[in-house]
Amino acid sequence: MNSRLYLFGLLLLATWGGANAAEGERLARAVNIPYPAVIAHRGASFDAPESTAPAYLLARDLGADYLELDLQRSSDGVLVVVHDDVLARTSDVAERFPERASSPVSAFTLAELKSLDAGSWFNRAYPERARAAFSGLQILTLDEVIDVAEGNPERQPGLYIETKLAGQFPGIEQDLAARLQARGWLDQTGRVVLQTFDRNSLGLLHTVMPQVPKVLLLWVGKGSIEPASGQSFAESGEQDKAAFYARQQPRDRAEYERWIDLAKNAGAVGIGPSATRSSLGEQSYADLIQPWMNQLSHQRGLLVHVYTLDQPVDFGKAMQAGVDGIFTNRSGALLRFYQRPAAQTEQQLLQGLGY
Ligand code: G3P
Ligand code: CA
(Lines give C-alpha, C1' and ligand atoms only; values in the text may rest on other atoms or scores of the structure.)
(Ligands and ions follow the chains in the order given, each with its own letter.)
Protein backbone atom coordinates (compact mmCIF):
# COMPACT_ATOMS: atom_id res chain seq x y z
CA MET A 1 0.00 0.00 0.00
CA ASN A 2 1.39 3.42 -0.88
CA SER A 3 1.77 6.15 1.74
CA ARG A 4 -1.21 8.13 0.47
CA LEU A 5 -3.52 5.16 0.93
CA TYR A 6 -2.02 4.41 4.32
CA LEU A 7 -2.64 7.97 5.50
CA PHE A 8 -6.15 7.77 4.19
CA GLY A 9 -6.61 4.54 6.12
CA LEU A 10 -5.62 6.39 9.26
CA LEU A 11 -8.17 9.06 8.48
CA LEU A 12 -10.85 6.43 8.04
CA LEU A 13 -9.85 4.94 11.35
CA ALA A 14 -10.49 8.29 12.99
CA THR A 15 -13.85 8.81 11.35
CA TRP A 16 -15.35 5.44 10.43
CA GLY A 17 -15.69 2.33 12.45
CA GLY A 18 -12.89 2.89 15.01
CA ALA A 19 -11.23 -0.34 16.13
CA ASN A 20 -13.34 -2.27 13.64
CA ALA A 21 -11.81 -0.26 10.78
CA ALA A 22 -8.31 -0.76 12.15
CA GLU A 23 -8.86 -4.50 12.24
CA GLY A 24 -10.25 -4.49 8.70
CA GLU A 25 -7.27 -2.58 7.40
CA ARG A 26 -4.88 -4.95 9.15
CA LEU A 27 -6.61 -7.96 7.60
CA ALA A 28 -6.58 -6.36 4.15
CA ARG A 29 -2.90 -5.48 4.32
CA ALA A 30 -2.04 -9.04 5.35
CA VAL A 31 -3.25 -10.30 1.95
CA ASN A 32 -2.19 -7.24 -0.06
CA ILE A 33 -5.76 -6.09 -0.74
CA PRO A 34 -6.26 -2.30 -0.88
CA TYR A 35 -8.20 -0.79 2.02
CA PRO A 36 -10.87 0.38 1.55
CA ALA A 37 -11.25 -1.44 -1.75
CA VAL A 38 -13.03 -0.03 -4.79
CA ILE A 39 -14.44 -2.99 -6.71
CA ALA A 40 -15.86 -2.06 -10.12
CA HIS A 41 -18.97 -4.23 -10.34
CA ARG A 42 -19.20 -5.57 -13.91
CA GLY A 43 -16.89 -2.64 -14.72
CA ALA A 44 -18.12 0.94 -14.57
CA SER A 45 -21.54 -0.45 -15.34
CA PHE A 46 -23.55 2.67 -14.49
CA ASP A 47 -21.83 4.57 -17.31
CA ALA A 48 -21.40 1.83 -19.92
CA PRO A 49 -22.94 -1.56 -20.73
CA GLU A 50 -22.01 -4.06 -18.01
CA SER A 51 -19.09 -6.42 -18.62
CA THR A 52 -18.09 -4.79 -21.93
CA ALA A 53 -14.85 -3.13 -23.02
CA PRO A 54 -15.87 0.48 -22.25
CA ALA A 55 -17.15 -0.53 -18.80
CA TYR A 56 -13.83 -2.15 -17.89
CA LEU A 57 -11.65 0.46 -19.63
CA LEU A 58 -13.45 3.25 -17.80
CA ALA A 59 -13.24 1.52 -14.41
CA ARG A 60 -9.52 0.98 -14.96
CA ASP A 61 -8.83 4.57 -15.98
CA LEU A 62 -10.92 5.96 -13.11
CA GLY A 63 -8.59 4.12 -10.75
CA ALA A 64 -10.71 1.26 -9.40
CA ASP A 65 -8.72 -1.27 -7.38
CA TYR A 66 -10.43 -4.27 -8.97
CA LEU A 67 -12.42 -5.07 -12.11
CA GLU A 68 -15.22 -7.38 -10.99
CA LEU A 69 -16.41 -10.06 -13.38
CA ASP A 70 -18.76 -13.03 -13.55
CA LEU A 71 -17.14 -16.03 -15.18
CA GLN A 72 -18.95 -18.55 -17.39
CA ARG A 73 -17.80 -20.87 -20.20
CA SER A 74 -18.83 -21.18 -23.84
CA SER A 75 -19.89 -24.54 -25.30
CA ASP A 76 -16.46 -24.78 -26.95
CA GLY A 77 -14.63 -24.25 -23.69
CA VAL A 78 -13.66 -20.56 -23.63
CA LEU A 79 -13.98 -18.58 -20.40
CA VAL A 80 -16.34 -15.64 -20.96
CA VAL A 81 -17.65 -12.78 -18.86
CA VAL A 82 -21.44 -12.68 -18.50
CA HIS A 83 -23.56 -12.11 -15.39
CA ASP A 84 -26.96 -13.64 -16.16
CA ASP A 85 -27.50 -17.33 -16.85
CA VAL A 86 -29.27 -16.37 -20.09
CA LEU A 87 -28.43 -13.66 -22.60
CA ALA A 88 -31.84 -12.02 -23.08
CA ARG A 89 -31.41 -9.00 -20.81
CA THR A 90 -28.03 -7.80 -22.07
CA SER A 91 -27.93 -8.79 -25.73
CA ASP A 92 -29.94 -9.20 -28.94
CA VAL A 93 -30.03 -13.00 -28.59
CA ALA A 94 -33.82 -12.96 -29.09
CA GLU A 95 -33.32 -11.55 -32.60
CA ARG A 96 -30.16 -13.43 -33.52
CA PHE A 97 -31.08 -16.86 -32.12
CA PRO A 98 -34.84 -16.69 -31.34
CA GLU A 99 -35.15 -20.42 -30.72
CA ARG A 100 -32.37 -20.22 -28.10
CA ALA A 101 -33.26 -16.94 -26.40
CA SER A 102 -33.77 -18.77 -23.11
CA SER A 103 -30.82 -21.11 -23.44
CA PRO A 104 -27.96 -20.82 -20.99
CA VAL A 105 -24.69 -19.12 -21.91
CA SER A 106 -23.09 -22.56 -21.92
CA ALA A 107 -25.19 -23.53 -24.98
CA PHE A 108 -23.41 -21.02 -27.23
CA THR A 109 -20.03 -21.26 -28.94
CA LEU A 110 -17.63 -18.38 -28.55
CA ALA A 111 -18.28 -17.35 -32.17
CA GLU A 112 -22.03 -17.23 -31.46
CA LEU A 113 -21.51 -15.21 -28.29
CA LYS A 114 -19.19 -12.85 -30.16
CA SER A 115 -21.86 -12.33 -32.83
CA LEU A 116 -24.26 -10.80 -30.28
CA ASP A 117 -24.74 -7.08 -29.68
CA ALA A 118 -24.09 -6.59 -25.95
CA GLY A 119 -24.41 -2.81 -25.98
CA SER A 120 -27.61 -1.63 -27.65
CA TRP A 121 -29.81 -2.85 -24.79
CA PHE A 122 -28.06 -0.28 -22.56
CA ASN A 123 -28.85 2.58 -24.93
CA ARG A 124 -32.52 1.60 -24.88
CA ALA A 125 -32.66 1.08 -21.10
CA TYR A 126 -30.71 4.23 -20.21
CA PRO A 127 -31.20 6.80 -22.99
CA GLU A 128 -29.70 9.54 -20.82
CA ARG A 129 -26.40 7.59 -20.79
CA ALA A 130 -26.63 6.18 -24.32
CA ARG A 131 -23.71 6.48 -26.75
CA ALA A 132 -23.73 5.48 -30.41
CA ALA A 133 -20.43 3.66 -29.93
CA PHE A 134 -22.06 1.29 -27.43
CA SER A 135 -24.08 -0.32 -30.24
CA GLY A 136 -22.55 -3.60 -31.32
CA LEU A 137 -20.25 -4.09 -28.32
CA GLN A 138 -19.15 -7.68 -27.88
CA ILE A 139 -19.22 -10.09 -24.97
CA LEU A 140 -15.67 -10.40 -23.61
CA THR A 141 -13.49 -13.36 -22.84
CA LEU A 142 -11.52 -13.55 -19.59
CA ASP A 143 -8.36 -12.93 -21.59
CA GLU A 144 -9.79 -9.73 -23.02
CA VAL A 145 -10.56 -8.40 -19.55
CA ILE A 146 -7.02 -9.29 -18.51
CA ASP A 147 -5.81 -7.31 -21.55
CA VAL A 148 -7.79 -4.30 -20.29
CA ALA A 149 -6.39 -4.67 -16.79
CA GLU A 150 -2.84 -4.76 -18.19
CA GLY A 151 -3.41 -2.03 -20.76
CA ASN A 152 -2.61 1.20 -18.90
CA PRO A 153 0.82 1.40 -17.24
CA GLU A 154 -0.45 4.12 -14.90
CA ARG A 155 -3.59 2.27 -13.81
CA GLN A 156 -3.19 -1.40 -12.95
CA PRO A 157 -6.34 -2.79 -11.36
CA GLY A 158 -6.60 -6.32 -10.08
CA LEU A 159 -9.34 -8.78 -11.00
CA TYR A 160 -12.16 -9.84 -8.66
CA ILE A 161 -13.49 -12.98 -10.32
CA GLU A 162 -16.77 -14.75 -9.50
CA THR A 163 -17.40 -18.33 -10.55
CA LYS A 164 -21.03 -17.76 -11.56
CA LEU A 165 -23.46 -20.70 -11.63
CA ALA A 166 -20.44 -22.88 -10.99
CA GLY A 167 -22.51 -26.06 -10.87
CA GLN A 168 -23.18 -25.64 -14.62
CA PHE A 169 -19.47 -25.59 -15.40
CA PRO A 170 -17.62 -28.61 -14.03
CA GLY A 171 -13.89 -27.94 -14.01
CA ILE A 172 -14.19 -24.17 -14.42
CA GLU A 173 -12.01 -23.65 -11.34
CA GLN A 174 -9.13 -25.55 -12.99
CA ASP A 175 -9.73 -23.73 -16.29
CA LEU A 176 -9.52 -20.41 -14.47
CA ALA A 177 -6.35 -21.38 -12.64
CA ALA A 178 -4.74 -22.41 -15.94
CA ARG A 179 -5.58 -19.11 -17.68
CA LEU A 180 -4.44 -16.99 -14.74
CA GLN A 181 -1.23 -18.99 -14.51
CA ALA A 182 -0.61 -18.68 -18.25
CA ARG A 183 -1.10 -14.93 -18.06
CA GLY A 184 1.19 -14.55 -15.07
CA TRP A 185 -1.57 -13.38 -12.78
CA LEU A 186 -0.92 -15.77 -9.91
CA ASP A 187 2.48 -14.41 -8.97
CA GLN A 188 1.42 -11.53 -6.74
CA THR A 189 -0.89 -12.00 -3.74
CA GLY A 190 -3.97 -9.80 -3.88
CA ARG A 191 -3.80 -9.09 -7.61
CA VAL A 192 -6.64 -11.56 -8.04
CA VAL A 193 -9.48 -12.13 -5.58
CA LEU A 194 -11.79 -15.09 -6.17
CA GLN A 195 -15.44 -14.94 -5.14
CA THR A 196 -18.44 -17.24 -5.24
CA PHE A 197 -21.81 -17.92 -3.64
CA ASP A 198 -21.18 -21.63 -4.17
CA ARG A 199 -19.46 -23.39 -1.26
CA ASN A 200 -18.46 -26.30 -3.44
CA SER A 201 -16.82 -23.96 -5.93
CA LEU A 202 -15.08 -22.15 -3.06
CA GLY A 203 -13.55 -25.44 -1.97
CA LEU A 204 -12.45 -26.25 -5.51
CA LEU A 205 -10.95 -22.78 -5.95
CA HIS A 206 -9.04 -23.24 -2.71
CA THR A 207 -7.73 -26.60 -3.90
CA VAL A 208 -6.42 -25.31 -7.23
CA MET A 209 -5.35 -21.82 -6.10
CA PRO A 210 -4.64 -22.11 -2.36
CA GLN A 211 -2.52 -18.95 -2.31
CA VAL A 212 -5.14 -16.66 -3.90
CA PRO A 213 -7.45 -14.70 -1.55
CA LYS A 214 -11.03 -15.90 -1.69
CA VAL A 215 -14.36 -14.40 -0.63
CA LEU A 216 -17.61 -16.25 0.09
CA LEU A 217 -20.57 -14.21 -1.16
CA LEU A 218 -23.56 -14.16 1.19
CA TRP A 219 -27.20 -13.28 0.93
CA VAL A 220 -30.41 -14.25 2.73
CA GLY A 221 -32.14 -16.90 0.67
CA LYS A 222 -31.78 -20.17 -1.19
CA GLY A 223 -28.31 -21.69 -0.98
CA SER A 224 -27.14 -19.15 1.57
CA ILE A 225 -28.29 -17.77 4.95
CA GLU A 226 -31.68 -19.07 6.14
CA PRO A 227 -34.20 -16.24 6.58
CA ALA A 228 -36.05 -15.55 9.84
CA SER A 229 -39.23 -15.25 7.79
CA GLY A 230 -38.84 -18.82 6.50
CA GLN A 231 -40.03 -17.58 3.11
CA SER A 232 -38.49 -17.06 -0.28
CA PHE A 233 -39.52 -14.11 -2.43
CA ALA A 234 -41.48 -16.43 -4.70
CA GLU A 235 -43.34 -17.97 -1.73
CA SER A 236 -44.14 -14.55 -0.29
CA GLY A 237 -46.38 -13.60 -3.20
CA GLU A 238 -45.05 -10.06 -3.02
CA GLN A 239 -44.42 -7.91 -6.09
CA ASP A 240 -41.55 -5.72 -4.92
CA LYS A 241 -38.40 -7.80 -4.65
CA ALA A 242 -36.25 -5.10 -3.04
CA ALA A 243 -38.91 -4.29 -0.43
CA PHE A 244 -39.19 -7.99 0.39
CA TYR A 245 -35.44 -8.42 0.81
CA ALA A 246 -35.15 -5.24 2.88
CA ARG A 247 -37.26 -7.01 5.52
CA GLN A 248 -35.26 -10.22 5.47
CA GLN A 249 -32.70 -11.07 8.09
CA PRO A 250 -30.83 -14.18 9.17
CA ARG A 251 -32.92 -16.70 11.11
CA ASP A 252 -30.85 -15.90 14.18
CA ARG A 253 -27.33 -14.96 15.20
CA ALA A 254 -26.25 -18.60 15.21
CA GLU A 255 -27.27 -18.96 11.56
CA TYR A 256 -25.17 -15.93 10.62
CA GLU A 257 -22.22 -17.26 12.64
CA ARG A 258 -22.57 -20.63 10.94
CA TRP A 259 -21.92 -19.01 7.56
CA ILE A 260 -18.99 -17.01 8.87
CA ASP A 261 -17.47 -20.25 10.13
CA LEU A 262 -18.17 -21.98 6.81
CA ALA A 263 -16.31 -19.22 4.99
CA LYS A 264 -13.38 -19.35 7.37
CA ASN A 265 -13.11 -23.12 7.34
CA ALA A 266 -13.22 -23.21 3.54
CA GLY A 267 -10.15 -20.99 3.36
CA ALA A 268 -11.78 -17.65 2.56
CA VAL A 269 -10.08 -14.42 3.63
CA GLY A 270 -13.36 -12.56 3.55
CA ILE A 271 -17.07 -12.46 2.96
CA GLY A 272 -19.10 -10.55 0.39
CA PRO A 273 -22.43 -9.73 2.03
CA SER A 274 -25.45 -8.10 0.42
CA ALA A 275 -26.79 -4.71 1.52
CA THR A 276 -30.04 -2.81 1.45
CA ARG A 277 -29.85 0.34 -0.63
CA SER A 278 -31.40 3.55 0.73
CA SER A 279 -33.43 3.89 -2.45
CA LEU A 280 -34.06 0.12 -2.82
CA GLY A 281 -34.51 -0.86 -6.48
CA GLU A 282 -32.52 -3.39 -8.44
CA GLN A 283 -29.47 -4.87 -6.65
CA SER A 284 -30.91 -4.02 -3.21
CA TYR A 285 -31.05 -7.05 -0.92
CA ALA A 286 -31.01 -7.95 2.78
CA ASP A 287 -28.90 -5.85 5.14
CA LEU A 288 -25.96 -8.09 6.03
CA ILE A 289 -23.57 -5.30 7.04
CA GLN A 290 -24.89 -4.50 10.48
CA PRO A 291 -22.02 -3.47 12.80
CA TRP A 292 -22.26 -6.62 14.91
CA MET A 293 -21.93 -8.73 11.79
CA ASN A 294 -18.83 -6.88 10.58
CA GLN A 295 -17.28 -7.07 14.05
CA LEU A 296 -17.88 -10.79 14.16
CA SER A 297 -16.33 -11.25 10.71
CA HIS A 298 -13.26 -9.28 11.75
CA GLN A 299 -12.98 -11.25 14.99
CA ARG A 300 -12.90 -14.42 12.87
CA GLY A 301 -10.21 -12.86 10.69
CA LEU A 302 -12.48 -12.21 7.69
CA LEU A 303 -12.63 -9.08 5.56
CA VAL A 304 -15.98 -7.63 4.52
CA HIS A 305 -16.58 -6.45 0.93
CA VAL A 306 -20.21 -5.44 0.50
CA TYR A 307 -22.22 -5.61 -2.75
CA THR A 308 -23.55 -3.43 -4.49
CA LEU A 309 -23.77 0.24 -3.50
CA ASP A 310 -23.80 3.31 -5.75
CA GLN A 311 -24.84 6.31 -3.65
CA PRO A 312 -22.64 8.39 -1.30
CA VAL A 313 -25.22 8.05 1.47
CA ASP A 314 -24.88 4.28 1.25
CA PHE A 315 -21.08 4.42 1.00
CA GLY A 316 -21.07 6.39 4.27
CA LYS A 317 -23.43 4.02 6.07
CA ALA A 318 -21.41 1.01 4.97
CA MET A 319 -18.10 2.50 6.09
CA GLN A 320 -19.64 3.52 9.42
CA ALA A 321 -20.85 -0.04 9.85
CA GLY A 322 -17.28 -1.29 9.40
CA VAL A 323 -16.96 -2.75 5.90
CA ASP A 324 -13.56 -2.93 4.21
CA GLY A 325 -14.50 -2.37 0.58
CA ILE A 326 -17.47 -1.85 -1.69
CA PHE A 327 -18.65 -3.38 -4.95
CA THR A 328 -20.05 -0.50 -6.96
CA ASN A 329 -21.42 0.18 -10.42
CA ARG A 330 -20.19 3.77 -9.98
CA SER A 331 -16.44 3.53 -9.36
CA GLY A 332 -16.06 7.24 -10.07
CA ALA A 333 -18.49 8.16 -7.30
CA LEU A 334 -16.89 5.80 -4.79
CA LEU A 335 -13.40 7.08 -5.62
CA ARG A 336 -14.63 10.63 -5.09
CA PHE A 337 -16.16 9.56 -1.77
CA TYR A 338 -12.82 8.05 -0.71
CA GLN A 339 -11.10 11.26 -1.85
CA ARG A 340 -9.28 9.46 -4.64
CA PRO A 341 -10.93 11.22 -7.60
CA ALA A 342 -9.79 10.68 -11.16
CA ALA A 343 -8.41 13.76 -12.92
CA GLN A 344 -11.15 13.51 -15.56
CA THR A 345 -14.88 12.88 -15.40
CA GLU A 346 -16.46 9.65 -16.55
CA GLN A 347 -17.74 11.46 -19.64
CA GLN A 348 -14.29 12.84 -20.52
CA LEU A 349 -12.66 9.45 -20.03
CA LEU A 350 -15.22 7.62 -22.16
CA GLN A 351 -14.76 10.16 -24.92
CA GLY A 352 -10.98 9.82 -24.69
CA LEU A 353 -11.34 6.06 -24.94
CA GLY A 354 -13.21 6.48 -28.21
CA TYR A 355 -16.76 6.04 -26.99
O1 G3P B 1 -20.03 -10.53 -6.91
C2 G3P B 1 -20.62 -9.65 -6.00
C3 G3P B 1 -21.89 -9.35 -6.56
O4 G3P B 1 -21.63 -9.11 -7.92
C5 G3P B 1 -22.83 -10.49 -6.41
O6 G3P B 1 -23.98 -10.25 -7.07
O7 G3P B 1 -25.45 -10.96 -8.82
O8 G3P B 1 -24.12 -8.91 -9.12
O9 G3P B 1 -23.04 -11.12 -9.24
P10 G3P B 1 -24.14 -10.32 -8.64
CA1 CA C 1 -20.67 -10.84 -9.40
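In each ligand, atom 1 is the first atom listed, and ligand 1 is the first ligand listed.
Pro157 and Ala149 make their closest contact through CD-O, 3.7 Å (heavy atoms, listed as atom of the first residue, atom of the second, distance). Counting all heavy atoms, side chain and backbone alike, Val86 lies closest to Ala101 at CB-O, 4.3 Å.
Outside the 6.0 Å centre-distance limit, the rings of Phe327 and Tyr66 are not counted as a close aromatic pair.
Heavy atoms from other residues, nucleotides or ligands lying under 6.0 Å from CD of Gln211 number more than 12. Within 6.0 Å of CD on Glu235 lie more than 12 heavy atoms contributed by other residues, nucleotides or ligands.
Taking the six-membered ring where tryptophan is involved, the planes of Tyr245 and Trp219 are tilted, since the angle between them lies from 30° to 60°.
Take the N/O/S atoms of Glu68: the one nearest the Ca ion (ligand 2) is OE2. Taking the N/O/S atoms of Asp70 in turn, the shortest distance to the Ca ion (ligand 2) belongs to OD1. Within Glu162, OE1 is the N, O or S atom that lies nearest to the Ca ion (ligand 2).
The contact set between ligand 1 and Asp70, taken as ligand atoms under 4.0 Å from a residue heavy atom, comprises 9 (O). Within the listing of ligand 1, atoms 1 (O), 2 (C), 4 (O) sit less than 4.0 angstrom from a heavy atom of Glu68. The ligand atoms of ligand 1 that sit less than 4.0 angstrom from a heavy atom of Arg42 are 7 (O), 8 (O), 10 (P).
Counting protein heavy atoms only, atom 4 (O) of ligand 1 is closest to His41 NE2, 2.7 Å. For atom 1 (O) of ligand 1, the nearest non-hydrogen atom of the protein is Gln195 OE1, 2.6 Å.
The proximity of Phe327 to ligand 1, defined as any non-hydrogen pair under 4.0 Å, is limited to the side chain. Residue contacts with ligand 1, taken as heavy atom pairs separated by less than 4.0 Å, involve His83 solely via side-chain atoms from C-beta onward.
Note: no N/O pair closer than 3.5 Å links Tyr307 and ligand 1 by distance alone. Considering backbone and side-chain atoms alike, Lys164 places an N or O below 3.5 Å from some N or O of ligand 1.
The shortest heavy-atom distance from Phe197 to ligand 1 is under 4.0 Å.
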Trace of the ring-ring contact (aromatic ring centres under 6.0 Å, His included) decision for Tyr160 with His305: CA-CA 11 Å; Tyr160 208 117; His305 289 162; 5.7 Å; yes
Full working for salt bridge (Lys or Arg N to Asp or Glu O under 4.0 Å) between Asp47 and Arg129: CA-CA 6 Å; Asp47 300 287; Arg129 281 171 259 151; over 6 Å; no
